[in-house]
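When reading the values below, keep in mind they use all heavy atoms of this one structure, side chains included, and skip hydrogens, waters and symmetry mates. Positions are given from 1, in the same order as the sequence printed here.
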Amino acid sequence: MFENHPPKRSGEQRRRFSPLRRAVQIPVWGDLGIRLSIALALIMLVVMIHWWDRDGLIDNTDGHVSFLDVVYFTMISITTTGFGDIAPISDRARLVEAVIVTPVRFAVLFIFVGTAYNFLIKRSWEKFRMARIQDQLSNHVVVLGFGVSGKEAVEELIERGTDPACIVVMDTAPERLVHAEDLGCNVIEADATRDDNLRAVRIDQAQTVLVSAGRDDASILIVLTVRHLAPNVPISVVVRADDNELLARQAGADKVINPVRFTGLLLAGSARGAHIAEYLADLASVTGRVQLVERPVKPEEIGKSLSALATGGRGMRIYRNGRACGFWEPETDALQAGDVVVEILPSAPTESEG
């Protein structure tokens, strides 16, 4: 998102953000080109038919039907103007008008009416609808930065069942937003360090905010801005330098993820066993055979042991009053209201697994 130039808080011209948008099946000019091409092809077909059957036409002005007369007659026929200066006189010409030209006339009319609807009414309505969505956003996931980490995070969220329509992606690179649109997400081309841009996606009403700007200084600046505007919204941020993790937490991040450290864990695991790294990666992704799930304790689980979860999962630890308690500790013998459970659940079986 900000790999090329560090963000600036002052001294540069304020950049207005683009409106929230979602993907369309065909670009605007592509759609218009297709419609006009079809209409033109139908008109040329009628011109050729009239030219082929020009002996069945009469020009009441000079008695001679030229190619220009054929083009003129075709246009006034399709547009239902009908001045009467050129008219079909033979039975075959009248049959052609009834059987061929009339359906083409309706087809061309529907094409132009459909184009007017699509460009003047439908797109205006879609713009109004997206503005309404933008104004009413709540309990949504905001992804600030759609580089490698942001893209993987969004794809994993969708795999885990998050509706793409509930995800808003903000980035300054249009080519990245194209992929986010293809996934079905709402996108906005804007600088995430600007207060106005974050307010545009109703950052204070978000369910959670994921920050992955590509540079630690940019990510920390975004976290500071988000925390200022949304004091109670959970923020997760990606940083790559160990000494920036504390800064990210001081800036207001609730979760700090260091991909370099996680890669080191996988490498170390592979050195201690052939399958440890594979299992760690399996836990991290919903596409694996098992997955880690964090959730509040269920009412029916209160008073029971962590080993007797209602979901049938394997309880690994609980968080009680901000403290982590492993499954081997006595605190997990009786779950309490307010506990947060971390468990391992099997993923949905694939077709190959039968």
Side-chain angles (χ1 to χ4, degrees), residues 138-143 152-163 166-167 204-211 223 226-227 230-239 245-246 248-250 252-259 261-262 264-266 268-269 272-273 275-350 353:
S138 65
N139 202 33
H140 53 298
V141 178
V142 179
V143 180
E152 292 293 332
V154 169
E155 291 177 347
E156 185 69 18
L157 282 171
I158 295 173
E159 286 283 351
R160 291 174 182 264
T162 302
D163 185 358
C166 295
I167 300 175
D204 58 326
Q205 300 296 321
Q207 178 188 93
T208 188
V209 177
L210 309 180
V211 181
V223 170
V226 172
R227 182 54 71 213
N232 300 318
V233 173
I235 304 174
S236 298
V237 61
V238 173
V239 297
E245 293 185 25
L246 178 59
R249 294 187 187 277
Q250 291 177 339
D254 299 282
K255 300 294 181 183
V256 179
I257 296 95
N258 190 328
R261 178 175 296 179
F262 185 70
L265 292 175
L266 292 179
R272 299 296 298 272
H275 306 294
I276 293 178
E278 177 186 353
Y279 191 70
L280 287 174
D282 201 2
L283 285 174
S285 175
V286 73
T287 58
R289 297 182 62 188
V290 293
Q291 58 180 300
L292 275 174
V293 176
E294 178 180 325
R295 61 173 177 82
V297 66
K298 296 178 180 292
E300 61 269 25
E301 295 171 337
I302 295 176
K304 296 183 180 179
S305 170
L306 184 60
S307 60
L309 296 177
T311 59
R314 299 287 185 179
M316 302 307 296
R317 63 169 54 172
I318 63 171
Y319 287 87
R320 179 177 295 166
N321 299 322
R323 177 176 176 268
C325 304
F327 62 86
W328 62 89
E329 298 184 67
E331 288 84 354
T332 62
D333 292 337
L335 299 177
Q336 299 178 7
D339 287 349
V340 176
V341 175
V342 177
E343 62 178 331
I344 296 179
L345 288 172
S347 300
T350 61
E353 294 175 336

**Study point:** Residues in side chain to side chain donor-acceptor pair (under 3.5 Å) contact with Ser305, at least two apart in sequence or another chain
**Key:** Ser307
Point to revise | Pairing residues for Pro296 by the side chain to side chain contact (heavy atoms under 4.5 Å, CB included) criterion, not counting sequence neighbours | key: none
**Study point:** Set of side chain to side chain contact (heavy atoms under 4.5 Å, CB included) partners for Ala230, sequence neighbours left out
**Key:** Ile203, Asp204, Val233
Review point. Mind checking what makes side chain to side chain donor-acceptor pair (under 3.5 Å) contact with Glu329, not counting sequence neighbours?
Key: Arg323
Practice item. May I have all residue pairs that pass salt bridge (charged side-chain N to carboxylate O under 4.0 Å, His left out) and include part of residues 301-311, sequence neighbours excluded? Key: Arg295-Glu301
Exercise for review: List in chain and number order the residues that pass side chain to side chain contact (heavy atoms under 4.5 Å, CB included) with Arg320, two or more places apart in sequence or in another chain; answer none if no residue qualifies.
Suggested key: Ile318, Glu331, Gln336, Asp339
Exercise for review: Sequence neighbours left out, what passes salt bridge (charged side-chain N to carboxylate O under 4.0 Å, His left out) with Glu155? Give chain and number order.
Suggested key: Lys151
Check your understanding: Do any N or O atoms from the side chain of Thr332 and from the backbone of Leu306 form a donor-acceptor pair under 3.5 angstrom?
Key -> no
Study note, to complete from the structure: Note: Ala253 and Val223 closest approach over all heavy atoms is N-CG1, 3.5 Å
**Study point:** Results of side chain to side chain donor-acceptor pair (under 3.5 Å) for Thr311 - residues two or more places apart only
**Key:** Glu343
Study note, to complete from the structure: Those residues at least two apart in sequence (or on a different chain) that pass side chain to side chain donor-acceptor pair (under 3.5 Å) with Gln207 are Asn139
Check your understanding: Which residues satisfy the side chain to side chain contact (heavy atoms under 4.5 Å, CB included) test with Asp333, sequence neighbours excluded?
Key -> Pro330
Revision key, fill the gap. Sequence neighbours excluded, the answer for salt bridge (charged side-chain N to carboxylate O under 4.0 Å, His left out) partners of Asp254 is Arg227
